[in-house]
Amino acid sequence: MNAPFPSRRPIQVLLATPRGFCAGVDRAIQIVERALEKYGPPVYVRHEIVHNRHVVERLKAMGAVFVTDLDQCPDDRPVVFSAHGVPKAVPAEAKRRELFFLDATCPLVSKVHVEAERHYAAGREIVLIGHAGHPEVIGTMGQLPQAAITLIETVEDAEAFQPRDPDKLAYVTQTTLSVDDTAGIVSALKKRFPGLPDPHKEDICYATTNRQEAVKRVAATCDLVLVVGSQNSSNSQRLVEVALRAGARDARLVDDAGAVDWSWFENVSTVGVTAGASAPEPLIEALVAAIAARFDAEVSEDSGARETVSFKLPRVLAE
Ligand code: SF4
């Protein structure tokens, strides 16, 4: 039931910092917006540009057409590839058809692609730690021939994995995993294969790591943590898990304030609020306003890291 409480009782609202948009999401959205401005609608987008329902709906209203496959794109309109990255076969097909395409793959995902290719060129068998079916995993696996990469999702998978040659192994990871779960999987692999090298620079990206650290800081004192994000957003889902493990009594993923069931607030005196990397800040502000409309809210902000990362747009759009 979404009925307001009869009296405005006090509540503490702790805003995790950083939260919400990361540099890769910001760049991907700008690529679609600028393409719409420069070339006019429709602009086709292969896969949801980022995993957020509100972002996708807004871009649709501006003239973006979201498709699952290149087959659905006409030859004479621009097509954008999503921030999650695509298998090599996708740009290859776009080139064959002479489509005009813009690649919104996050540079930090591209970094993992390059790393996987480097290992493959050095004759190493590659383990990818990630979630089956996620577009980023499909994209990373699709950088190399089939069977070059083995997907590992759990510690059990790591314990059962049989490499061709234990001395010629390397691993890469999805960028939006749980830092702690991934450390457990890597440690299970290293126990079996002590020479397994680490990536030069952590594959789990700065935005995922910072948002998980921030939610950990606030969760321990929270009765409830609300994570603004869509159900298909991997990094948002991880924030819910991290909050629960860090001590929050309850944690929920909500698309927006309208998705809150206010019965969750029974016996809640402190609520934490954060957002996945694809969730726009106005949704967070609206959620805080909705809480303040029902409670005597005292809002405070966690003093986490300020992020300064930004990524360049493709040259054709930056001009
Ligand atoms: Fe890039 Fe990380 Fe944002 Fe994904 S979550 S788009 S990898 S910065």
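Just so you know, ligand 1 is whichever comes first in the structure, and atom 1 is the first atom listed for that ligand.
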Can [X] and [Y] be counted as having a side-chain donor-acceptor contact under 3.5 angstrom?
| X | Y | value |
| --- | --- | --- |
| Q174 | D203 | no |
| S178 | D180 | no |
| D255 | H54 | no |
| S230 | N232 | no |

* Interatomic distance, I31 atom CD1 to L36 atom CG [nearest 0.5 angstrom] -> 12.0 Å
* Selection residues 10-52 - residue pairs positive for ring pair (Phe, Tyr, Trp, His ring centres under 6.0 Å), sequence neighbours left out -> Y39-F100, H47-H51, H47-H84, H51-H84, H51-H134
* State the count of protein N/O/S atoms located less than 2.8 Å away from atom 2 (Fe) of ligand 1. => 1
